[in-house]
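Worksheet: one structure, shown below.
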Amino acid sequence: MQMAMDMVTLAGGLIPGAKPTQIEGLSGPVSKIFGYGLWLLILAGAGGVGFGVFKLAISDKSRHGGGSEPFKWMGAGVAAILLAGSLITILNGIAG
């Protein structure tokens, strides 16, 4: 358990903090939860890309291996990052 807590503490220094911008027309808590949700979507996309790279590194490279699965993970991760990034940009443009 202590090792898990140490890993969380170390990860806190690597991952920058999210500071969502207040969106006009939304209440404070809703705006904050929505901003953090988009930030988590970016982190999940980065995790998907990383997992896809990992699966590509350990996959069976023979002709009969399932070679497309790592690319599905990486593509979905990149799509999640692009979607959340564009939504953050649009919302910051509206709010700013």
Side-chain angles (χ1 to χ4, degrees):
M1 184 67 167
Q2 182 62 32
M3 185 176 157
M5 294 303 294
D6 291 340
M7 299 271 292
V8 169
T9 304
L10 290 174
L14 296 175
I15 301 170
K19 295 184 179 164
T21 306
Q22 181 75 19
I23 301 167
E24 295 175 13
L26 288 178
S27 65
V30 172
S31 175
K32 188 176 278 191
I33 289 170
F34 192 70
Y36 284 122
L38 290 174
W39 183 243
L40 288 174
L41 184 61
I42 288 178
L43 292 177
V49 170
F51 188 68
V53 170
F54 170 74
K55 295 223 16 126
L56 184 64
I58 65 166
S59 69
D60 180 16
K61 307 286 191 303
S62 70
R63 188 174 287 260
H64 303 292
S68 66
E69 186 183 6
F71 297 104
K72 290 177 187 176
W73 278 97
M74 289 186 279
V78 169
I81 292 170
L82 291 176
L83 175 69
S86 64
L87 285 173
I88 288 171
T89 303
I90 291 167
L91 292 174
N92 283 339
I94 292 170

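Please read these numbers as outputs of a predicted model, since none were measured by experiment. Residues: numbered from 1 along the sequence shown. Computed over heavy atoms, backbone and side chain alike; hydrogens, waters and symmetry mates excluded.
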Under 3.5 Å, sequence neighbours excluded: what are the donor-acceptor pairs made by side chains of residues 40-55?
none

Exercise answer: donor-acceptor pairs, residues 75-83 side-chain atoms, under 3.5 Å, sequence neighbours excluded:
none

In one Ile/Leu/Val/Met/Phe/Trp/Tyr side-chain cluster, 4.5 Å: Ile58, Met74: no
